[in-house]
Number of protein chains: 2
Amino acid sequence: MAALKQKISEKTVERLSVYRRHLKELQKKGKTRVYSHELAQIVAGTPAQVRRDLMQVGGNGCSSKGYEINLLSDEISELLDYPEKQNVALIGVGNLGRALLGFFSGSRENFDIVATFDNDPDKCGRIICGRRCYNADQLKKIVGEKKISTAILAVPAEAAENAVKDLIDAGVKAILNFAPKHITTNSNVFIQTIDMTMALEKAIYFSHKNTYAKESQHERNRKNYQSTF
Amino acid sequence: MAALKQKISEKTVERLSVYRRHLKELQKKGKTRVYSHELAQIVAGTPAQVRRDLMQVGGNGCSSKGYEINLLSDEISELLDYPEKQNVALIGVGNLGRALLGFFSGSRENFDIVATFDNDPDKCGRIICGRRCYNADQLKKIVGEKKISTAILAVPAEAAENAVKDLIDAGVKAILNFAPKHITTNSNVFIQTIDMTMALEKAIYFSHKNTYAKESQHERNRKNYQSTF
DNA sequence: TAGATTGTTAATCGATTAACAATC
DNA sequence: TAGATTGTTAATCGATTAACAATC
């Protein structure tokens, strides 16, 4: 009965990713069912929000018994992932790039970093953290050959804009940008900037403001949970 | 005439940080004035949104002439920053932690990473990237001594929850969390999680959806700009 | 002056939450 | 059965955008 193939908002996609990771942890612990209010705590949201999100992936909850963890996890994966593992490229193999390579390695079911690129001749041709490093001028060729859909950008701010142009030209469809530079495009390529400098400045700003919008929300939710359960 | 000391939303704080960084780039280029529609492009927003944000920092724009860059930059700094440089700690000196240390180093005017912590005995006592690495059990002592307000958390997911507890106990007021684990608190401490795994999964999801909510917004704005200017 | 941009209010939009019948 | 939770609609909330008088 669930509304199907409806367009899913960015916020919902984000939360689904977080739910899924938590569901996998619960699986490891041997749990089989979970309630909307339990998932709500994970994302500091409300049970209603969780149920609304889960409606979009099938809404196979059971009154009074909650959601079946295995089923829900699979359904989220069906929605978020693709039948084939997605190939990802890393652009920029400096300190941050190598750290990200390590971070995103390991047993990932849905994606794989299959190539890295840099314009430092010392790095090109070498194997870095298990991946071949190519010269930046090989981008278009390798992206095509390896069917790379998504790129992680870890270059200095000054180089980000041109790197984005090259990536779009090479046929990449999404970019996760770690350079502290917001870049827009008129193509259909999805660009997600993780602005770590902004995030730290924001954290420092709120370090001395005891009340802030989101917090009061957290508080309310938390108190509701505590009083209810 | 601007509304002063109004509570500023998280979103506005984020954009102010981005505006300021762009203003500093413009300063370097020798520009002296900027229009709301120019700043709008940077954050993929509308001129109205920029003006609304800037109202909250003083609204010293000048009809037809835009905003004076030096003044605006100073006003944003007055709002976002504190009179004293803020001391920041880094928790977890693995690959990611060291990369972040490098990323956040350099000429930062408003904050300084003054200490790092790890529970690996090999790292403790050493100087890593120019900062003394302390054992995790020194946290409370050093946070107090150095008046550390904010911490960057770069530990494995399994260690994140306890680390947050320890940080809050030690008196830290804001945490920038890079562990792929969402943590809530009933204290007034601000926790900002940068969930890189979620971000990549989201990027991959949207890599194959040609239209997504934010993009259509970008598109509209972009077209408005192009037709207007 | 004419044209463009600002500050600010009102209107709109989208996301979140409340509410509740259905159901286990 | 009684109590709790779900799916879903309606109400609310907050953020964004449109509109426009004031002004350079």
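Here is how names work: the chains are called A, B, and so on, in the same order as the sequence lines, proteins then strands, and each is numbered from 1.
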Closer than 4.0 Å, any side-chain N/O of [X] to the OP1 or OP2 of [N]?
X	N	result
B/S63	D/dA22	no
A/Y67	D/dG7	yes
A/R51	C/dA18	no
A/R52	C/dA19	no
B/T46	D/dT17	yes

Are [X] and [Y] within salt-bridge range, i.e. N to O under 4.0 Å?
X	Y	value
B/E201	A/R20	yes
B/E10	A/K209	no
A/D195	B/R21	yes

Answer yes or no: side-chain N or O of B/S64 and base N or O of C/dG3 forming a donor-acceptor pair under 3.5 Å.
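Donor-acceptor pair under 3.5 Å: yes.
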
Indicate yes or no for a side-chain donor-acceptor contact from B/K181 to the backbone of B/T193 under 3.5 Å, with no hydrogens or angles considered.
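Here the side-chain-to-backbone pair does not exist.
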
Between A/T12 and B/V34, which has a closest nucleotide on DNA chain C that is more 5'?
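By nearest-heavy-atom nucleotide position, the 5'-most residue is B/V34.
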
Only pairs with both distances under 3.5 Å count, Watson-Crick or wobble alike; so what is the partner of C/dT23 in this structure?
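Because both required distances fall under 3.5 Å, C/dT23 counts as paired with D/dA4.
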
The side chain of A/C62 lies closest to which of these nucleotides: D/dG7, D/dT17, C/dC24?
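Nearest nucleotide to the side chain: C/dC24.
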
